[in-house]
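A note on names: the letters A, B, ... follow the listed sequences, proteins ahead of strands, and every chain is numbered from 1.
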Amino acid sequence: MYALVDCNNFYVSCERVFAPNLEGKPVVVLSNNDGCLIARSQEAKDLGLKMGEPYHLVRPLLEQHQVRVFSSNYALYGDMSRRVMQVLSRFTAGVEVYSIDEAFLDFSGMSLLAPDLLAYGQRVQRTVARDTGIPTCVGMAPTKTLAKLANRLARKLGTEGVLAFHTEAQWKNALAHVPVDTIWGVGRRYGRKLNELGIGTGADLAAMPEHWLRRHMGGVVGQRLWRELHGQPCLEWNPAQWDEKEHSAPSTAGRHSVTCTRSFGRPQYDAVVLNEAVATFAAKAAEKLRRHGLAAHLVTVILGTDRYAALAGPKTYHAVISLPTGSNDTGTLTQAALRGLQQLRREGMAYHRAGVLLSGVEPVGQVQLGLFSGSAADQQRSQQLMKTVDKLNARFGRQFVHLAATGTHKELDGQHKAPVWAGRSAHRSPLYTTGWGELWQLH
DNA sequence: TCTGGGGTCCTAGGACCC
DNA sequence: TCTGGGGTCCTAGGACCC
């Protein structure tokens with residue numbers, strides 16, 4: 001038996017914990033750069049506001065209904081997520097942190113306690129609410145896919161947000177009442193294709209032969225989906241080794257890449273500005289790499305033009321730099337990234353986004369030494385230096401120690417000054433739980 | 001003026017090895 | 001007319017998730 005615990009309107013709920021007067025009022029949270037809507041309270045959904053809608057298009061509507069708007073505050077959401085996961089881990093040893101706002105719990109052995117299962121789910125829900133202030137829904141079923149479905153229905157039906165499927169009859173009945181594209185693993189593409197074939201509900205899909213899904217829905221992926229819908233668990237169980245100290249859950253073990261990309265507040269042409277931005281992204285990505293105990297030997301620089309322009313031509317440009325040996329040293333990776341940028345940048349071209357992707361990763365302990373590059377002693381020195389830098393930054397604030405390449409003009413008169421390429425973030429809430437200068441205060 | 005960011009897995013095909 | 005069998009590694013592209 002699996003339970004899926006999913007936080008309701010998570011980012012909005014995080015904001016409400018520290019602004020309880022927003023309870024019952026319409027609230028939205030914007031993406032980076034105040035670009036689009038990425039979280040809505042129920043009241044905002046009821047106004048017809050859609051996920052992913054561009055902010056500038058719905059702004060009049062937001063103002064008309066006095067919707068409270070927040071820029072995203074990932075430091076806050078990451079920290080609140082960590083707290084939620086911590087509470088969940090008190091209920092079972094098996095917790096798989098699936099995303100920032102949801103986790104699977106291993107309830108195996110509990111199927112025998114059928115009548116108690118609902119009560120246990122409600123206890124999880126109550127405890128999370130009591131200890132973190134975050135409302136959740138809980139769905140329980142023999143497979144992850146069915147638990148997802150139970151969770152989805154739990155928030156729709158009048159079940160107070162907790163629902164369990166014990167018997168095949170129960171989930172069959174549920175499948176018959178949901179559109180096929182609400183099934184976990186059926187996206188927009190397959191949804192449309194299935195509808196064209198007359199497969200409208202989850203039950204219609206489950207009624208197809210297993211080999212049909214294998215043939216038409218991505219091979220073994222489709223086959224697994226079929227089995228999951230029939231109560232046979234097929235998806236892997238990855239009890240997360242999530243790091244309590246890390247502010248951004250989840251941290252999946254065995255990841256293959258680390259990325260840092262950002263849209264600029266306005267288009268950038270200048271080589272110096274782009275250099276500083278890319279150096280900053282490289283440093284952030286390198287730090288993330290170290291947090292996961294990884295090293296990378298491929299550095300990809302990404303430059304993006306206006307992706308909504310009608311003009312022909314590619315919207316993004318990539319340059320890949322291959323390192324002779326895996327590294328997580330900020331200096332090495334930044335140097336490579338800047339070399340990539342130099343290859344890519346064209347004079348006079350307007351860039352709207354940039355980023356750094358680190359891939360070809362391996363655990364630090366297993367890094368191959370290059371034949372002609374860096375000795376083991378050099379590597380040790382680099383590791384030691386990075387450890388010290390990370391420690392200082394953890395203690396005194398991000399970017400306390402940084403490469404000059406990321407820009408030397410950021411601190412003026414002790415005031416933090418945003419770089420010229422920074423995206424908009426006009427409505428960010430304080431770092432209530434992660435910054436000494438911005439602690440929550442009672443008014 | 002204005003439209004996010006960060007991931008995963010799978011398949012097919014090419015190049016290469018013995 | 002006709003040309004084996006068994007692999008690996010890498011990349012691109014397509015689907016999905018939050």
Side-chain angles (χ1 to χ4, degrees), chain A residues 4 6-7 9-11 28-39 50-60 62 71-74 77-78 81 96-104 144-145 148 151-152 181-194 213-225 228 234-236 238 248-267 281 284-285 288-289 292 297-298 300 302 304-310 315-316 318 320 322 350 352-361 423-426:
Chain A
L4 175 66
D6 194 321
C7 301
N9 315 326
F10 182 55
Y11 297 167
V28 298
V29 176
L30 305 177
S31 65
N32 268 337
N33 206 20
D34 291 348
C36 13
L37 275 50
I38 53 168
K50 302 249 159 36
M51 178 73 177
E53 220 158 6
Y55 176 45
H56 72 269
L57 291 183
V58 291
R59 217 168 151 168
L62 296 174
S71 302
S72 38
N73 183 348
Y74 288 106
Y77 312 148
S81 171
E96 178 180 335
V97 178
Y98 179 71
S99 77
I100 195 164
D101 74 334
E102 58 190 302
F104 288 101
K144 285 180 166 183
T145 306
K148 268 277 195 191
N151 186 290
R152 186 175 289 263
D181 58 3
T182 63
I183 303 292
W184 194 40
V186 180
R188 265 223 319 269
R189 273 322 238 284
Y190 284 141
R192 208 161 44 206
K193 180 169 145 186
L194 292 169
L213 273 84
R214 178 170 182 127
R215 180 138 174 70
H216 294 104
M217 291 189 69
V220 296
V221 181
Q223 192 167 13
R224 282 203 282 253
L225 174 61
E228 285 264 323
C234 274
L235 296 178
E236 221 178 310
N238 299 311
S248 65
S251 88
T252 44
R255 71 198 290 134
H256 297 129
S257 66
V258 158
T259 320
C260 181
T261 68
R262 289 285 176 281
S263 293
F264 301 137
R266 61 185 85 91
F281 303 152
K284 280 192 181 186
K288 207 193 280 187
L289 207 54
H292 294 285
H297 76 261
L298 289 174
T300 305
I302 302 148
T305 57
D306 183 1
R307 55 181 144 173
Y308 300 97
K315 305 297 183 199
T316 60
H318 299 81
V320 184
S322 179
H352 293 238
R353 290 178 307 128
V356 171
L357 182 151
L358 305 176
S359 57
V361 306
R424 283 176 296 274
S425 184

Next item on the list: Give each stem of DNA chain C as a range with a range, requiring at least 3 consecutive Watson-Crick or G-U wobble pairs whose two distances are under 3.5 Å.
Entry: B:5-18 with C:5-18
Notebook entry, point to check: A:H318 has an atom NE2; how far is it from atom P of C:dG13, in whole Å?
Noted result: 11 Å
Check: When the distance from CD of A:E96 to P of C:dC18 is rounded to whole Å, what number comes out?
Finding: 13 Å
Check: Can you tell me if A:S359 uses its side chain to pair, donor with acceptor, with the backbone of A:S257 under 3.5 Å?
Finding: no
Next item on the list: Quick one: closest heavy-atom pair of A:C234 and A:R224, and the distance?
Entry: O-CD, 3.6 Å
Check: Are OP1 or OP2 of C:dC18 and a side-chain N or O of A:K148 less than 4.0 angstrom apart?
Finding: yes
Next item on the list: Taking only the side-chain nitrogens and oxygens of A:R255, find out if one of them lies under 4.0 Å from OP1 or OP2 of B:dG7.
Entry: yes
Margin query: Could you walk me through whether A:E102 and A:K148 satisfy the salt bridge (charged side-chain N to carboxylate O under 4.0 Å, His left out) test, starting with their C-alpha distance in whole Å, then the side-chain angles of each, then the deciding distance to 0.1 Å, before giving a yes or no?
Written below: CA-CA 10 Å; A:E102 58 190 302; A:K148 268 277 195 191; 2.7 Å; yes
Notebook entry, point to check: Are the side chain of A:T261 and the backbone N or O of A:A354 linked by a donor-acceptor pair below 3.5 Å?
Noted result: no
Margin query: So does A:R424 get a backbone contact from the side chain of A:N33, meaning a donor-acceptor N/O pair under 3.5 Å?
Written below: yes
Note to self: What is the separation between atom NZ on A:K284 and atom P on B:dG7, rounded to the nearest whole Å?
What the structure shows: 13 Å
Notebook entry, point to check: Once the angle between the rings of A:Y11 and A:Y74 is folded into 0 to 90°, is it parallel (under 30°), tilted (30 to 60°) or perpendicular (over 60°)?
Noted result: perpendicular
Notebook entry, point to check: Separation of A:I183 atom CD1 from C:dC17 atom C1', in whole Å?
Noted result: 15 Å
Next item on the list: Using atom NE2 of A:H256 as one end and atom C1' of C:dC10 as the other, report the distance to the nearest whole Å.
Entry: 14 Å
Check: Quick one: A:L235 CG to C:dC18 P, roughly how many Å, whole number?
Finding: 13 Å
Next item on the list: Could you tell me whether a side-chain N or O of A:K50 sits under 3.5 Å from a main-chain N or O of A:L37, the two making a donor and an acceptor?
Entry: no
Notebook entry, point to check: Can any side-chain N or O of A:D34 pair as donor or acceptor with the backbone N or O of A:A426 at less than 3.5 Å?
Noted result: yes
Next item on the list: Consider the side chain of A:V221, meaning its heavy atoms from C-beta on, and name the nucleotide among B:dT8, C:dC18, B:dC10 that approaches it most closely.
Entry: B:dC10
Next item on the list: Take atom P in B:dT3 and the same atom in C:dC18, then report the distance between them in whole Å.
Entry: 25 Å
Note to self: I need the OH-C1' distance between A:Y77 and C:dC18, as an integer number of Å.
What the structure shows: 15 Å
Notebook entry, point to check: A:L225 has an atom CG; how far is it from atom C1' of B:dT8, in whole Å?
Noted result: 16 Å
Note to self: Students often get this wrong, so: under 4.0 angstrom with heavy atoms, is A:S257 touching a base, only sugar-phosphate, or nothing?
What the structure shows: sugar-phosphate
Note to self: What contact category does A:K193 fall into here, base, sugar-phosphate, or nothing, at under 4.0 angstrom with non-hydrogen atoms?
What the structure shows: nothing
Check: Base, sugar-phosphate alone, or nothing: which one does A:R214 contact when heavy atoms must sit under 4.0 Å apart?
Finding: nothing
Next item on the list: Please state whether the rings of A:W184 and A:Y98 are parallel, tilted or perpendicular, taking 30° and 60° as the class boundaries.
Entry: perpendicular
Check: Checking all strands, does A:E53 fall into the base, sugar-phosphate, or nothing category for heavy-atom contacts under 4.0 angstrom?
Finding: nothing
Notebook entry, point to check: Is a donor on one side and an acceptor on the other found under 3.5 Å between the side chain of A:K144 and the backbone of A:L4?
Noted result: no
Below 3.5 Å is the cut-off: list the nitrogen or oxygen pairs between protein and nucleotides 2-5 of chain B, distance only.
from, atom 1, to, atom 2, distance (Å)
B:dG4, OP1, A:R307, NH2, 2.8
B:dG4, OP2, A:Y308, OH, 3.0
B:dG4, O4', A:S31, OG, 2.8
B:dG5, OP1, A:S263, N, 2.5
B:dG5, OP2, A:S263, OG, 3.0
B:dG5, O3', A:R262, NH1, 3.3

